[in-house]
Amino acid sequence: MEQNLVPPPQRRNFLMIMLGGVGGLLAVAAGWPIFRFLMPDKGDDSAGQVKIGRELVQPGSSHFFQYLGRPAVVLQPSPGKFVALSAVCTHLGCVVQWQEDQGQFLCPCHGGRFSEDGAVVSGPPPEPLETLPVVLEGDQILVG
Ligand code: FES
C-alpha cells in the first residue's frame with residue numbers, strides 16, 4: 001500500500017492557491033472586455049492626417065469622421081472658415097451632435113452645449129471640445 005507523502009494541510013493550501021489562481025485568471029478574462037468597452041480607444045498616434053473633400057462641408061454644415069480612432073467633426077461656421085473638433089463630450093464622453101439651426105453642438109446624454117468653436121455654452125461639460133489642427137489644401141480639408 002502506497003503512503004500519502006503530502007500532509008493534508010499542505011495539500012489543502014496547494015489546492016486553495018491553485019483555485020485562487022484559476023479564479024483570478026477567469027476574473028481577468030471576464031473583465032477585460034468590460035474594461036475595453038469603458039476605456040475609449042486613444043488611437044494610434046502614428047496615424048496621419050485625415051483628408052476630407054471640401055464639398056462635404058458646406059457653410060453652416062458639419063461633417064463627422066473618425067480621427068485617430070475617435071469621433072471628430074469639421075464644420076464651416078462661416079464661408080471659408082473651417083473648424084475641426086473632437087466630437088467627444090468632455091463630460092462623460094458621449095458623441096455630440098451639430099445643430100445647424102442653433103449653431104451649437106448638443107450632447108444628447110446630459111444636455112451639454114458647445115459653441116461652433118467648441119467652447120462650453122451650458123450644461124455639465126467641464127472643458128471645451130478639443131480643437132484639432134485644420135488646413136485647407138486645394139479642394140481638400142486636412143485635419144491633424
Ligand atoms: S456626456 Fe455630454 S453632457 Fe454629459
Side-chain angles (χ1 to χ4, degrees), residues 4 6-144:
N4 189 353
V6 180
Q10 287 181 344
R11 187 170 30 192
R12 190 176 311 128
N13 287 343
F14 174 76
L15 286 173
M16 293 303 286
I17 290 170
M18 291 304 292
L19 282 174
V22 169
L25 286 175
L26 288 175
V28 169
W32 180 249
I34 296 168
F35 175 78
R36 291 290 301 153
F37 175 77
L38 294 175
M39 296 302 294
D41 187 5
K42 299 284 185 203
D44 180 5
D45 288 338
S46 66
Q49 291 178 321
V50 174
K51 290 184 178 180
I52 298 164
R54 203 169 167 161
E55 74 281 358
L56 295 175
V57 189
Q58 296 300 314
S61 74
S62 65
H63 176 74
F64 285 77
F65 60 99
Q66 290 289 310
Y67 178 73
L68 299 179
R70 304 188 74 175
V73 60
V74 61
L75 66 148
Q76 188 177 178
S78 58
K81 178 187 175 190
F82 291 87
V83 177
L85 303 164
S86 166
V88 178
C89 179
T90 56
H91 181 221
L92 293 178
C94 294
V95 177
V96 297
Q97 302 167 344
W98 174 244
Q99 297 196 311
E100 189 171 335
D101 57 332
Q102 299 185 21
Q104 291 183 343
F105 290 97
L106 168 68
C107 179
C109 292
H110 308 106
R113 290 189 170 276
F114 300 89
S115 67
E116 62 190 24
D117 60 357
V120 177
V121 173
S122 65
E127 296 176 17
L129 296 174
E130 179 187 354
T131 303
L132 305 174
V134 60
V135 175
L136 295 179
E137 192 176 275
D139 60 350
Q140 299 285 308
I141 303 166
L142 305 181
V143 178

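Note that ligands are numbered from 1 as they come in the structure, with each ligand's atoms numbered from 1 the same way.
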If you count the atoms of ligand 1 from 1 in the order shown, which ones are under 4.0 Å from a heavy atom of Pro124?
3 (S)
Report, in ascending order of atom number, the atoms of ligand 1 lying under 4.0 Å from any heavy atom of Cys107.
1 (S), 2 (Fe), 3 (S)
So which of the N, O or S atoms of His91 lies nearest atom 4 (Fe) of ligand 1?
ND1
Could you pull out the closest heavy-atom pair between Ile52 and His63, with the gap in Å?
CG2-CD2, 3.6 Å
Nearest heavy-atom approach of Ala87 to Phe64 is CB-CE2, 3.7 Å
Is there a side chain to side chain contact (heavy atoms under 4.5 Å, CB included) between Phe114 and Cys89? Walk through the geometry before answering.
CA-CA 9 Å; Phe114 300 89; Cys89 179; 3.9 Å; yes
Among Val74, Leu85, Leu75, which one satisfies side chain to side chain contact (heavy atoms under 4.5 Å, CB included) with Ser62?
Leu75
Any idea which atoms of ligand 1 are less than 4.0 Å away from a heavy-atom of Cys89?
1 (S), 2 (Fe), 3 (S)
Against heavy atoms of Leu92, which atoms of ligand 1 measure under 4.0 Å?
1 (S)
Hey, is Cys94 close enough to Cys109 that the SGs sit under 2.5 Å?
yes
Quick check: does His110 have an N/O/S atom under 2.8 Å of atom 2 (Fe) of ligand 1?
no
